[in-house]
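Worksheet for the structure shown next.
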Protein chains: 2
Amino acid sequence: MSLLVPIREDFPSASAPEREESGLRGSRKQRTRDALLEAALRLMREGRSFTGLSLREVTREAGVVPTAFYRHFHGMDELGLALVEGGGVTLRRLLREARRSDVQFTDMIRGSVQIYKRYVEDNRLQFLFVAGERAGGSPLIREAIRREVTHFTNEMAQDLRGLNALPGRSTATLQMICGLVVNCMLNAAIDILDLPPDQPEQEHELVENFVRQLRVVFLGARQWKEKP
Amino acid sequence: MSLLVPIREDFPSASAPEREESGLRGSRKQRTRDALLEAALRLMREGRSFTGLSLREVTREAGVVPTAFYRHFHGMDELGLALVEGGGVTLRRLLREARRSDVQFTDMIRGSVQIYKRYVEDNRLQFLFVAGERAGGSPLIREAIRREVTHFTNEMAQDLRGLNALPGRSTATLQMICGLVVNCMLNAAIDILDLPPDQPEQEHELVENFVRQLRVVFLGARQWKEKP
DNA sequence: ACAGAAAGTCAACACTTGTACACTGAATTA
DNA sequence: TAATTCAGTGTACAAGTGTTGACTTTCTGT
């Protein structure tokens, strides 16, 4: 067992520092930790997948020597888990913002889609990571993402209940429907991110298709009858 | 009999040899080409993504020397494209088989889901590859998969029209709905493949959720009114 | 003020990687 | 039969990889 690298075997999913490290040294550590995370995301910008990144690449991009990496993570997997957590935060922030901005009831779906599209574009790298590694990443990371997405879905179901948009549905039903919606969202995220720039025609078609699909889902949800 | 789908079934690909190489030498070449493709798929079995595979690993698994690789593909990207094509073939065969076996009309959705689940399990590796690289792979491969999935979706829409399940809908509408369904399918594929063995409870819940989601979609599709 | 903790650096290691080149030997063609 | 083609081999190399241990320097608690 190495003395250099603090191994936390009992907490393999530990990604964030347990306590807010404050003080001059602590904030410095935070800073390079963030630099590593951001470096990894940045490297994925041009179509690279997280799995294809090397530890050295990340440290190079972060402007740090390879061995410094181990002061923050055991390896790339742990970095990945930290990124998942960031992605989860981003997803939940989306819900918070959507909750605050009340789209008008007449065209709620289109309004939400537009908010969502904007949000995805503003958080390109996070969505790139989450959507990309959701199916492709290592089992560990996939599992973590699945958890975050489930969490997001359930929170969304709760919001839907709060809006009273689908009265009388059981929680399980709302979660099932939100699962469908979240699927659409993450799938659309990929399409949005792959969109070639300056192609308003294609962009518009994508948005419209997304809107139509959500309409179908909610049309179906309204028709849904709970089991007798 | 291999668990693997016989990939060599037909390869009308740009990356496949243009002329049917026949003769003793040609068929031998085909054989190691297939060995390379299958080796790549096999390596993805334990949660590795295609992007994370190295050329040498694939040749090692295939039982040939690294340099032999270049007799068949320029690089891993081209191998990937060949795999995408194999995946496309598998998807379309699913439609062919579904077309042939007429599930009873009373519970068409559940019947189809069961057929689908079985099919995914029988073609594990192909679905692993397609679902995994759909969002995570290199841009080239992602694009190729997108094309295959679109093709699959459109063919499905055509079948739906043939069944007359949603009379009066425009082709565009049917494609939009099938896009939704295909999304659900590929998402479910990931879940099916990640299913831990000997957990019939979890397995059943997954299937039921999938069924319910498709019901919602078709319920919505039936309610859908074409634009005025 | 001083001992110790700890973030980051440096140099080195044992591997793996993609690819180039010359080769062998069997299948094909002339 | 002789010449040619070509799938697959063997060797080699430069470059990149994860991880190691010993180090410097800078902050922190006593």
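Just so we're on the same page: letters track the sequence lines, and every chain starts at 1.
Looking at residues two or more places apart in sequence or on another chain, you find no side-chain hydrogen bond (donor to acceptor under 3.5 Å, both in side chains) involving Tyr116(B). Scored by the salt bridge (Lys or Arg N to Asp or Glu O under 4.0 Å) test, Arg99(B) finds Glu155(B), Asp159(B) as partners (sequence neighbours excluded). In this structure Arg60(A) satisfies the salt bridge (Lys or Arg N to Asp or Glu O under 4.0 Å) test with no other residue, sequence neighbours excluded.
Legend: salt bridge (charged side-chain N to carboxylate O under 4.0 Å, His left out) pairs involving residues 199-211 of chain A, not counting sequence neighbours, sorted by first then second residue: Arg110(A)-Glu208(A), Lys117(A)-Glu203(A), Glu205(A)-Arg212(A). Among residues at least two apart or in separate chains, salt bridge (charged side-chain N to carboxylate O under 4.0 Å, His left out) pairs with a member in residues 35-46 of chain A are Arg42(A)-Glu61(A). Residue pairs meeting the salt bridge (charged side-chain N to carboxylate O under 4.0 Å, His left out) criterion with at least one partner in residues 184-195 of chain A, sequence neighbours excluded, are Asp191(A)-Arg146(B), Asp194(A)-Arg142(B), Asp194(A)-Arg146(B). Within the structure, no pair that satisfies the ring pair (Phe, Tyr, Trp, His ring centres under 6.0 Å) test touches residues 179-200 of chain B, not counting sequence neighbours.
Residues Glu133(B) and Thr51(B) bring a donor and an acceptor atom of their side chains to less than 3.5 Å of each other.
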Protein heavy-atom contacts under 4.0 Å, written 5' to 3' over nucleotides 9-15 of chain C as B (base), S (sugar-phosphate only) or - (none), form the string BBBB---
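Set against dT19(D), dT17(C), dG8(D), the side chain of Ser54(B) has dT17(C) as its closest nucleotide.
When the C1' atom of dA7(D) is taken as reference, atom NZ of Lys29(B) falls 7 Å away, rounded to whole Å. In this structure, Phe69(A) atom CZ and dG21(D) atom P are separated by 18 Å, rounded to whole Å. The interatomic distance linking Met76(B) (CE) with dT16(C) (C1') rounds to 14 Å, in whole Å. Protein atom CZ of Arg60(B) is 17 Å distant from nucleotide atom C1' of dG8(D), rounded to whole Å. Per the geometry, CG belonging to Leu55(B) stands 12 Å off P belonging to dA20(C), to the nearest Å. If you take OH of Tyr70(B) and C1' of dA7(D), they are 16 Å apart, rounded to a whole angstrom.
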Listing time: all N or O pairs from protein to nucleotides 25-27 of chain C that are below 3.5 Å?
from	atom 1	to	atom 2	distance (Å)
dA27(C)	O3'	Arg25(B)	N	3.4

